[in-house]
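We number each residue from 1, following the sequence as shown.
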Amino acid sequence: MTTTPLNALARASSAYLRSAMHQPIQWHEWGEEAFAAAQRENKPMLLDIGAVWCHWCHVMDRESYDDPEIAAIVNQHFIAVKVDRDERPDIDSRYQAAVSAVSGQGGWPLTAFLTPDGKPFYGGTYFPPSDGYGRPSFRRVLLSIAGAYKEKHGDIVEQARMVESAIAQAESFAGRSGRISASAIEAIQGSAFKMFDPQHGGFGHAPKFPHPSALDLLIDQYARTGDDQVRNVIVTTLEHMANGGVYDQLAGGFHRYSVDERWVVPHFEKMCYDNSELLKNYVHAYQATGSEFFAGVARDIIRWMDEWLSDRERGGFYASQDADISMEDDGDYFTWTLAEARAVLTEEEAQAAALRYDINEVGEMHHNPAKNVLWVGPSIEGIASKMGVSTGHVRDLLDSAKHKMYAARLLRPTPYVDKTVYVGWNSLCVSAYLEAAKVLGLNDARRFALRSLDRVLAEAWKHDTKDSGERALATPSISNRLLHVVAYSDPKAERREVSGLLDDYAFTALACLDAYEATAALSYFKFAHAICNAMITKFFDPTSGGFFDSEPPADGKGLGVLSTRRKPLQDSPTPAGNPMAAIALLRLHHYTGDAADRDKAEETLETFAGIAEQFGIFAATYGIAVSHFLEPQLQVVVIAENAEDAAAAELYATAVSAFRFTKSVLRLTANEAVAANLPPALAATIPNLPGLNSGKALAVLCSGFTCQPPVDDPSELKRALELASAKSATKTNANK
């Protein structure tokens, strides 16, 4: 028996790379070794960028990279390099810009052809093994590129030069370009209105993505203005998404996007970051509208994340769940034939489920027409009328059917869960869980979020070893750094230290501030302060303002196009690094009182002020950052003798009930309300408040580093918050 020898990817850490270790391609990881080989042998490089959750990446692996004949062509003419886009988003973002400039295409798998020094000159996404799908066969592409490299070398070098120039112009903003203004928020909202699908919700046509940052911006606008048009966009979109096939009707949680405009047929992979940001949307929409449906969806997202994407033992959120079991299926784990449903349900349950979830003999899946995506169709009342039973009985039937169908689904082979724990994505999940816990009173979610953040800080934050304790947290040092990965999925894989990117720092700083507000533990505030200091040291551009996405190469050159500096502005689909960094600094400023924090945020927002409006809903996080900059920060501090005080709980519930980006709520016991236990700005005010030691629960509303007299009546606190919100809205309107 012969076995295929392993290629160099057997030494990789990433699950995506390790999945290709048995392929006959002589793959290299991204690194000096691959580039040295390309230059030594004067061969072009074939760069494949994909992800373990990516369906078409697996298809291309099976059809092409597993094929010995294609492998022979690659091995003869190219130096092949494979990159995991989740592990190295800095590489992916630059080559995505390059391939888009060449072909107008983007996405995964990304297939790029590079000169031996890594400069791209041609590329695309998926190439079929034979001519088809309007695309040339991969074999023909490989032979054509190999021939052109030898026979038209000068043309290729010139093409690479032009493409490199295009990359340099993509999101590399030269300097401050305008005045920070609420007009940016108006422009982004206007873009959302123009793209809004009034029939199905969402923005644009197929394929349809959720755009959670745009939704959050609109929710905040509705909370401030009560505009019915904005409310309609929010409610229509969130209801249709949650009732669609893009939402897992049995297990909870959202798939990555919908291939149709009705939200019915999804791309079935599930990402932690999509679900974290949509969790925030549903929590915030519940706050803004009072709809219990939205609160239920939020709890259901957490149910799925708890079950599938959580390391319950150590803390931490896993990266993703795959769409498929094998190359032969397309979401078969998640979809149902009518016969499959009838096999596990009673006749009456099957009738109700078939009506509710549109389960028919012919379903929506082209590869297997009998397969149905579950999505919510008729109302409970409509089903009750059709079946001639009560609405209560229909609810009981559907509850029973869902439990039975989910139990049956759990017996099927399960799509792969990538258990890699990424720093930035974990921080997004931590923030979302803490937000949901605060608003919905979910103590288990709060505890798990804090345990997950503690793990990130313990394993991925590397502080200056010359110092320890308080000084190590507070003192800026080039040695203070975050990693990009906490742990890899494959326990056999060697752990690599991948340097953290801007997103990792900004998202984690915000998660630490959220944790501080959830616990009043000063250590979280100090971590946020230290991480922001490190973020400024490593990424801030003191000449033109704004943050680069990665540190400059140590030698000033970098492999391939990594020397190209990027200042990310667009959400893609995670919130963009620059506005998130600005939000972190603005929130930090309200605790430190340090003008330097606000100044850095202002310079960052000014860098993009003249161009942000052109990006429409893709600059929604920038719009959120503008809200943080223009509106006064409202801080509510609830103080009581002990943590179990019922009156304090009522004041706290009042404070968190309404949604505003620029509102924070902190709960302290009386012995915590001392200067040594508070950030500088609060230390200057809170310990000196009248009535602090009266024994009564009090709430203090602060804004602009000044505090109003304490109140002990929830209705009085509500009126004070409404008045302060109205004043901040007036100030924002004045900045248009």
Side-chain angles (χ1 to χ4, degrees), residues 15 52-53 210 241-242 244-256 266-283 294-325 331-336 344 357 373-376 398-422 425-437 440-453 455-456 486-487 489-491:
V52 70
W53 46 263
M241 284 198 304
V246 75
Y247 189 70
D248 187 339
Q249 299 297 331
L250 298 182
F254 282 91
H255 300 290
R256 194 160 68 93
H267 248 229
F268 288 93
E269 61 272 7
K270 289 178 168 182
M271 313 301 297
C272 71
Y273 58 75
D274 286 325
N275 282 280
S276 71
E277 301 315 282
L278 286 164
L279 172 56
K280 293 174 191 172
N281 286 161
Y282 281 91
V283 170
F294 295 149
V297 175
R299 294 186 187 97
D300 214 34
I301 294 172
I302 290 176
R303 173 174 69 95
W304 174 74
M305 293 181 75
D306 279 352
E307 184 173 1
W308 290 97
L309 289 194
S310 298
D311 185 335
R312 307 310 295 179
E313 180 181 347
R314 293 174 294 172
F317 294 89
Y318 300 142
S320 62
Q321 183 178 33
D322 207 342
D324 309 315
I325 306 302
D332 287 358
Y333 172 79
F334 299 99
T335 54
W336 291 79
V344 299
Y357 299 117
V373 180
L374 304 187
W375 59 281
V376 176
L398 291 175
D399 285 344
S400 176
K402 282 181 68 172
H403 282 99
K404 288 182 179 180
M405 291 175 75
Y406 186 44
R409 199 177 86 176
L410 290 173
L411 300 177
R412 299 175 179 177
T414 305
Y416 177 75
V417 172
D418 179 7
K419 294 184 178 181
T420 305
V421 178
Y422 289 106
W425 295 358
N426 260 257
S427 294
L428 291 177
C429 293
V430 166
S431 290
Y433 262 50
L434 291 175
E435 190 77 353
L440 302 176
L442 307 176
N443 290 329
D444 287 345
R446 176 183 180 274
R447 281 191 291 269
F448 186 76
L450 295 172
R451 186 144 56 96
S452 299
L453 180 58
R455 183 183 178 191
V456 168
V486 175
S489 186
D490 189 340

Hey, are E435 and K280 close enough for a salt bridge, meaning a charged N less than 4.0 Å from a carboxylate O? no

Decide, yes or no, whether a salt bridge links R409 with D248 under the criterion of side-chain N to carboxylate O below 4.0 Å. yes

So, the side chain of [X] versus the backbone of [Y]: is there a donor-acceptor pair under 3.5 Å, distance only?
| X | Y | answer |
| --- | --- | --- |
| S310 | M305 | yes |
| Q249 | A242 | yes |
| R312 | E307 | no |

Output the distance between atom [atom1] ([X]) and atom [atom2] ([Y]), rounded to the nearest 0.5 Å.
| X | Y | atom1 | atom2 | value |
| --- | --- | --- | --- | --- |
| L440 | R446 | CG | CZ | 14.5 Å |
| L398 | M405 | CG | CE | 10.5 Å |
| C272 | L428 | SG | CG | 7.5 Å |
| E269 | D418 | CD | CG | 12.5 Å |
| S276 | N281 | OG | CG | 9.5 Å |
| L453 | N426 | CG | CG | 9.0 Å |

Within 45° of the ring axis of F268 and under 6.0 Å from its six-membered ring centre, is that where the NZ or CZ of R256 lies? no

Please tell me whether Y433 and D306 have a donor and an acceptor in their side chains that are separated by less than 3.5 angstrom. yes

Which pair of heavy atoms, one from [X] and one from [Y], lies closest together, and at what distance?
| X | Y | answer |
| --- | --- | --- |
| A15 | Y416 | CB-OH, 3.4 Å |
| V430 | S452 | CG2-CB, 4.1 Å |
| D300 | G252 | OD2-CA, 3.6 Å |
| V52 | D322 | O-OD2, 3.3 Å |
| W304 | A251 | CB-O, 3.3 Å |
| G245 | P266 | O-CG, 3.5 Å |

Could you tell me which residues satisfy side chain to side chain contact (heavy atoms under 4.5 Å, CB included) with [X], sequence neighbours excluded, listed by chain and number?
| X | result |
| --- | --- |
| V417 | W308, L309, Y318, Q321, K419 |
| R455 | D311, R314, V421, E459, V486, A487 |
| A401 | L345, E349, A353 |
| A408 | W336, V344 |

Can you check whether F334 and H255 have ring centres sitting under 6.0 Å from each other? yes

Less than 6.0 Å separating the ring centroids of F317 and Y273? no

Please test M241 against Y247 for side-chain contact (heavy atoms from CB on, under 4.5 Å), starting from the C-alpha separation and ending with a verdict. CA-CA 7 Å; M241 284 198 304; Y247 189 70; over 6 Å; no

The criterion is salt bridge (charged side-chain N to carboxylate O under 4.0 Å, His left out); which residues satisfy it with D324, sequence neighbours excluded? none

My understanding is that only residues two or more places apart in sequence, or in another chain, count here; which of them pass salt bridge (charged side-chain N to carboxylate O under 4.0 Å, His left out) with D399? none

Would D332 and I325 count as a side-chain contact (heavy atoms from CB on, under 4.5 Å) if you check the C-alpha gap in whole Å, the side-chain angles of each, and the deciding distance to 0.1 Å? CA-CA 8 Å; D332 287 358; I325 306 302; over 6 Å; no

CA sep, side-chain torsions, deciding dist, call: N275, F254, side-chain contact (heavy atoms from CB on, under 4.5 Å): CA-CA 6 Å; N275 282 280; F254 282 91; 3.7 Å; yes

Flag side-chain contact, heavy atom, 4.5 Å: L450 against F448: no

